[in-house]
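Worth saying up front: this structure is predicted, and the values here are computed from it rather than measured. Remember, it's 1-based here, ligands and their atoms both numbered in the order they're listed.
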Amino acid sequence: MSVTSLISLKIHHDLINQDGADVIQGLNQVPKKLPPKYFYDHRGSELFEQICELPEYYPTRTEALILKKCADEIAQITGVCELVELGSGSSTKTLFLLDAYQKIAKYCQYIPIDVSGGILKSTVLNLKQKYPTFSINGLIATYEQALVKLESTFAYRRMIFFLGSSLGNFEPQDCHAFLKQISRTLQIGDYFLLGIDLQKPKEILEPAYNDSQGVTAAFNLNMLSHLNWRFQGNFDIDLFTHQAIYNQADSQIEMYLHCQQKHWVNLEILDLKVAFEAGESILTEISRKFDLANMQKQLDMQGLKTVKTWTDPQQWFGLILCQR
Ligand code: AVI
């Protein structure tokens, strides 16, 4: 049996239309900026999986610990529903939820959504073997594309979940628009489960994004390799260094690539030539750290009422289950 028929993955390649307009805009602005979605080519997704295992990177294991404890309760509260995961990656933490739903129903529908087709394919293949009675169909799409698609499809009861504090990678105005769109995608009575990284001292945050093994540095630099491959570019990775700092005023980690030497970069496919000065930086990601009560208010403003929240004993990470 071919892999494709075995996993019956619904691939919407046409959805991934990365035409590079955002790269042109980001590299032409001062200070320079690149969208974090360009982290996630195949290598970038692999590096992110490695980040999740790092001793300094606490969010993944802290959220997993919370999910392990509360998954059964979540399934009890929501009952059987269509499970839609945005940014599913390897779906590792999702196993706690799928196990919990398996206890309450033989049949369940799970739709993992990710921009990285390679990782999504292998994840769906593994999950189909582990949960043979579940209907599992992956969707390769950005969050926005996926939500537009979901808006036009009906489910009897749906729970969208967005874990790992990926919401933290959105600028505040984009976060607002995203939550609004989530709300539109849900019918009255549907659920939204959100995992958010909470504010904590800089001494814990900065090492989590400047790990001692250099995996986060490789992840950050890989964005340039990805752009070279995608847009026929000539970024010299050796001319850039990684740094992440915690901006206390805005409660956000900021990841930068610092240019070490004055030079030009060409991106042939985009017909783009960019000048870099020594000491100049590209902002590649923000990772906002949230306040639980504030987030509940924001959700509430979008008609998403908190049903229950869970945190770990140190209050480092929060899970909010809300209902429309
Ligand atoms: C995907 N996202 C929630 C991660 C974060 O922590 O903001 C991405 C990441 N960047 C560096 N390390 C992890």
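Polar contact check, Asn169 against ligand 1: a nitrogen or oxygen pair lies under 3.5 Å apart. For a threshold of 3.5 Å applied to N or O pairs, the pair formed by Tyr209 and ligand 1 contains at least one separation below that value. Between Ser166 and ligand 1, a contact under 3.5 Å exists for no N or O pair.
The residue Asp197 has no part lying near ligand 1, judged by heavy-atom distances below 4.0 Å. Contacts between Tyr40 and ligand 1, counted as non-hydrogen atom pairs separated by less than 4.0 Å, involve the side chain only. In Phe39, neither the side chain nor the backbone holds a heavy atom less than 4.0 Å from any atom of ligand 1.
Across every non-hydrogen atom of Gly318 and Leu292, the tightest pair is CA-CD1, 4.3 Å. Residues Glu56 and Pro207 share a closest heavy-atom pair of CB-O, 3.4 Å.
By the 4.0 Å heavy-atom criterion, Gly164 is counted among the residues contacting ligand 1.
At the shortest separation from atom 10 (N) of ligand 1 among protein heavy atoms lies Glu285 OE1, 2.6 Å. The protein non-hydrogen atom at the shortest distance from atom 4 (C) of ligand 1 is Tyr57 OH, 3.4 Å. Atom 7 (O) of ligand 1 has Ser287 OG, 2.6 Å as its closest protein atom, hydrogens excluded (heavy atom only).
The aromatic ring centroids of Tyr209 and Tyr246 lie 6.0 Å or more from each other. Between Phe276 and Phe240, the ring center distance clears the sub-6.0 Å criterion.
Checked by atom type, the side-chain pair Asp41/His226 shows no donor-acceptor distance below 3.5 Å. Neither side chain, His258 nor Thr241, offers a donor N or O lying under 3.5 Å from an acceptor on the other. Defined by atom type and a distance below 3.5 Å, a donor-acceptor pair is present between the side-chain atoms of Tyr58 and Asp197.
Set against the non-hydrogen atoms of Ser165, the atoms of ligand 1 under 4.0 Å away are 3 (C).
Under the 30°/60° scheme for interplanar angles, the aromatic rings of Phe161 and Tyr110 are found to lie parallel.
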